[in-house]
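A quick note: this is a predicted structure, and the numbers were derived from the prediction, not measured. This chain uses plain numbering: 1 for the first residue, then up along the sequence. Counting starts at 1 for both ligands and their atoms, in listed order.
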Amino acid sequence: MELNFNVSVADVTKGKGGLLVVFADDGLKMIERRCVCRPMAEKALADAKDSKVVEYVYAAHKDLKYEYVVAMPLRLEAFQSADDQIRTAAAKAMDFARKRNLGKVSFLLETKKALEALDKVVEGVAIGAYLYTEYKDQSFALKEMAVELLVAKDQAATARKLVAQRETVCKAVNASRDIINRPGSDLTPEGIAAHAKKLANKYKMQFTLLKDADLVKGGFVGVHAVGVGSVNPPVMFAMYYQGGRGSTPDIALVGKGISFDTGGIDLKPFDHMWEMKTDMAGAGAVIHVMQAVAELGLKKNVLAIIPSAENRPDAKAYLPGDVLRYKNGVTVEVHSTDAEGRLVLADGLIWAQEKFKATRILDVATLTGACVRALGAQFTGLMCNDPALAKKLTDCGAKRGEKFWPLPLPVEYEEMLLSSVAKVKNIGGALAGASTAGLFLQRFIGEGVSWAHLDIAGTASYEGRQRYYLQPGATGVMVRTLTEFIAGL
Ligand code: BES
Ligand code: ZN
Ligand code: ZN
C-alpha cells in the first residue's frame, strides 16, 4: 500500500473526511483539555479499564466532519510495552480505515506528550501496513492511503523532519521483508548479490563481488564448502558506504545469507523446512540497513559483508567429517552440515578484518534453534565481547521496539567445541547451542576488535496470526535498531 504521510497543524474542527484517531493514554495527557474529542477518550479509557476486549471507541461526532472518530485506549494490551501499544494502536487504526475503504487517516498528536508518540505512530502505520504481495493477485494489492499527523503549530517543522526520517527507515524495513519472504528458488545467492548491487549503484556505494571461483582462489573455504552442493553457486560480497572521514569502516555488518537451508547432507526434517527460506534474514537486514543509512545520508563509513550460499545436498555437497582450513589458520571439522551459518560467517568476519581493516563488527544471523528455544520469538540473542557496545545496542533496540537479551560467551564452554582432528568442530553438542555458536564465531575475531553477534533465529520471522503491528512472515528485525545505532556512532 502506498502511504502518503503529511504533517499538518492540528485543528480538528476544520478537518474533514476519513478517520480521526485520538489516543487515550493513562491520565489523558495525549489529548488537549479543551478538545472536543476528550469525552470519547475518557470513555475509551474507562471501558478499557473495565474490560480487556475494547480495542477502540468510535462514533460519528456531531461537531466534526470526519467520517469516523476513534479513541484508542493505550492500556488495553497490557502485555505490550508502552511504545508497542502505540505502534499497535496506530496499525489497528489503519486496519479500521482500510476495512471501511477510507482514503485518509488523521492522528491527533497535539500535546507535548502526544508528540513523543509520533515516531512510534509512523512505525506502527508503515510497518503495520506491510503485506507480502508478490504472489497474490492484483485485487489483493491495497491502494493508497493518506496519513495525516496533526501536531501543534510550533512543533510542525520538527515533526516533519522526524516523520521523513522514520518513513525512510520503515521503507528499508519493508524492503528487507520483501526479499526475506521471497521463496528460496526465486532468490539464489547470486540473486541476493544482484539485489544488493542495484542498491549499491543507486546510492553510489562501492560494491565488491567474489564469485565462486574467487572464493576458491581467495581461500574462503566456508562459503565455498556450504555452497558447493548447489547448482546455484555461492558468493560473498561487500557494500561500502563512505559517508564519513577516514579510510576504514566505522562499523562492519556481516549478515548470514543462506538463501535456503535444507541442512545439507544432514538434511532437516520436512515439517518446518520451508521456513528456511528466511535463512538469509541477516543478509536481508544488513543490506537494507545500508539503504537506510545511505538514504538518511549518515556521515559514517559503513561496511556490509554478505557471505551467501544455498545449503543443499548433492553428489558434490560437503560432508560431515570434512575439515576446512580457514585463512586465519583455524581448522574446522564439520560435525553437522546443518551448522552452516557459522561456517559462512567465519569467512565474512575474516574478510571484514583482513581486507577492510574493520575493528568494530556486528554479525546478524538466523543462527541457532537453541536461541529460539532459550529466548522465544521476541528477543534477539546478544553475544558480545564489549560491554559498552552491548549496552548501546540494547538501548537502540529498546528505543526502536526490537528487544535483545544477553547470552554468555563462557570460556568454560570452549571445550565443547574441541575436535580430535582439527582445532574446533562446528557444533558444540546438545547444550547451550546459541552460546557455543557464538564461541565458534569468536574464534574468528582478532585481538582488540569490538564485536557483537546477534542471533535473530527467533525474531526474523514467524508464522500464525498477526502479532501486534506485524503481519506473519519476515519482520525486518534489526533494520531499525542498527540504523539507530549507526546514526548514534
Ligand atoms: N538456520 C538454522 C537455524 C534456525 C533454526 C533458524 C530455526 C531459524 C529457526 C541453522 O543453520 C541450523 O540449522 N542450526 C542448527 C545447528 C545445530 C546443527 C548445531 C540448529 O539450530 O538446529
Ligand atoms: Zn542449518
Ligand atoms: Zn541456517
Pair D279-K256, salt bridge (Lys or Arg N to Asp or Glu O under 4.0 Å): steps then yes or no: CA-CA 7 Å; D279 211 22; K256 172 177 172 180; 3.2 Å; yes
Aromatic ring pairing W451/H453, orientation class (parallel under 30°, perpendicular over 60°, tilted between): parallel
Residue pair M239 / I287, side-chain heavy-atom distance below 4.5 Å: yes
Sorted by chain and number, the residues that approach ligand 1 to under 4.0 Å with a heavy atom: K256, D261, K268, M276, D279, S336, D338, E340, R342, T366, L367, T368, G369, I427, A457
Residue pair K300 / I251, side-chain heavy-atom distance below 4.5 Å: no
From CG (L343) to CG (D338), nearest 0.5 Å: 10.5 Å
Salt bridge (Lys or Arg N to Asp or Glu O under 4.0 Å) contacts touching residues 412-433 (sequence neighbours left out): E414-R443
Near the Zn ion (ligand 3) (under 2.8 Å) - protein N, O or S atoms: K256 NZ, D261 OD2, D279 OD2, E340 OE2
Contact list for residues 300-338, test ring-ring contact (aromatic ring centres under 6.0 Å, His included), sequence neighbours left out: Y326-F444
R480 side, atom CZ; S176 side, atom OG - distance, nearest 0.5 Å: 10.5 Å
Parallel, tilted or perpendicular: ring planes of F107 versus F23, cut at 30 and 60 degrees: parallel
